[in-house]
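This one's a predicted model, so the numbers in the text were calculated from it and none came from an experiment. Here is the naming used below: chain letters follow the sequence lines, and residue numbers restart at 1 for every chain.
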Amino acid sequence: MEIPYTVAERPDTGLYNGKLGIWLFLASEVMLFGGLFSSYILLRTGDPNWFKPELSVPMATLNTMVLITSSVTMVMSWASLRLQDFKKFRLFSGATFLLASAFMVIKAFEYNTELSHHLYPSANNFMATYFTMTGLHGLHVLGGMVVIAYLWGPGSKMWKTEPERFTNRVEITGLYWHFVDLVWIFLFPALYLL
Amino acid sequence: MSLKAFHVFFIIVSILLTVLVGVWGVHQYIVHGSGGNLALGGIFFFSGLGLVVYLMWFFAKLKEL
């Protein structure tokens, strides 16, 4: 039996299954990160002895540029499939994976610097929220990398049998990836600049 | 919302971030005399200009999709 609405849009929602699913998931993610941002604001405004150590703004700046570029390569990989160019999809999707890897490597260097200066999560309220929020964000980047790698590699076989469904899979991965990038766009000024 | 629309929204938010960091860098330079932060603000300001150009290119590209 064939699963309905994997490609065609449902008449009642106007969305195919995958897109409805990813938006429901992203709504729960907004609540998760929203709760953490709220906690950060309340801790920061309520603590008279708030202490924020110097973090590496250049490294975070580089990571911001890396993630913005990765969102461009992600949308280009989807656009390539829409234009029936599978080779370009591979190129842009691979570039997205490499940029995500670069983000993780830079973040690892940053964590290493902070830990070597004894800035552990237990050091103060700021470091506790910093490691929680950036750590959770890093896990999301890692999750995205797994999906991108799958669609670049074994998952891409679907392009030969069901090209429209495969294009939809890349689109919902792109929606997730943009959300992860958007979270960083808010984390960067909140944790590093303000 | 489609990926196209979300991408446009993301790039607009990114442009707003570059403006925010640009202003922050200039403010830090005026208050603390920090040349490094001024340079950072400059980098973000020019990145913002690049994103505006990209967004215009993307709108033109959208017609093909």
Would you enumerate the inter-chain donor-acceptor pairs between chain B and chain A whose distance is below 3.5 Å?
| unit_1 | atom_1 | unit_2 | atom_2 | d |
| --- | --- | --- | --- | --- |
| B/Met1 | O | A/Trp23 | NE1 | 3.1 |
| B/Leu3 | N | A/Glu171 | OE2 | 3.1 |
| B/His7 | ND1 | A/His178 | NE2 | 2.6 |
| B/Trp24 | NE1 | A/Leu193 | O | 3.3 |

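Cluster membership for B/Val13 and B/Val8, using ILVMFWY side-chain heavy atoms within less than 4.5 angstrom, is shared. Hydrophobic clustering (ILVMFWY, side-chain heavy atoms < 4.5 Å, transitive): A/Leu98 and A/Val170 are in distinct clusters. In the hydrophobic clustering of ILVMFWY residues, with side-chain heavy atoms under 4.5 Å counting as a link, B/Phe45 and A/Met65 come out apart. Under the 4.5 Å side-chain heavy-atom criterion for Ile, Leu, Val, Met, Phe, Trp and Tyr, B/Val23 and B/Ile12 are members of distinct hydrophobic clusters. No continuous path of hydrophobic side-chain contacts links B/Leu49 to B/Leu38 [ILVMFWY only; heavy atoms under 4.5 Å].
Residue B/Leu62: no heavy atom, backbone or side chain, is found under 4.5 Å from chain A. Using a 4.5 Å cut-off between heavy atoms, A/Leu175 contacts chain B through both its backbone and its side chain.
When every heavy atom of A/Ile185 is checked against every heavy atom of B/Phe10, the shortest pair comes out as CG1-CE1, 3.8 Å. Closest approach of B/Leu3 and A/Gly174 over heavy atoms only: CD1-C, 3.5 Å.
Counting heavy atoms of neighbouring residues, nucleotides and ligands inside a 6.0 Å radius, atom CZ of A/Phe37 exceeds 12 of them. Other residues, nucleotides and ligands place more than 12 heavy atoms under 6.0 Å from the CG atom of A/Leu42.
The residue among B/Leu40, B/Leu51, B/Leu16, B/Ile43 with the most heavy atom pairs within less than 4.5 Å of chain A is B/Leu40.
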Determine whether B/Phe6 and A/Val75 satisfy the following criterion, side-chain contact (heavy atoms from CB on, under 4.5 Å), listing intermediate values before the conclusion. CA-CA 10 Å; B/Phe6 199 26; A/Val75 84; over 6 Å; no
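Hydrophobic cluster membership for A/Leu15: A/Leu20, A/Leu24 (Ile, Leu, Val, Met, Phe, Trp, Tyr linked by side-chain heavy atoms under 4.5 Å, directly or transitively).
Between the CG atom in A/Leu26 and the CE atom in B/Met1 there is a gap of 11.0 Å [rounded to 0.5 Å].
With contacts defined as side-chain heavy-atom distances shorter than 4.5 Å, the pair B/Phe9/A/Leu182 qualifies.
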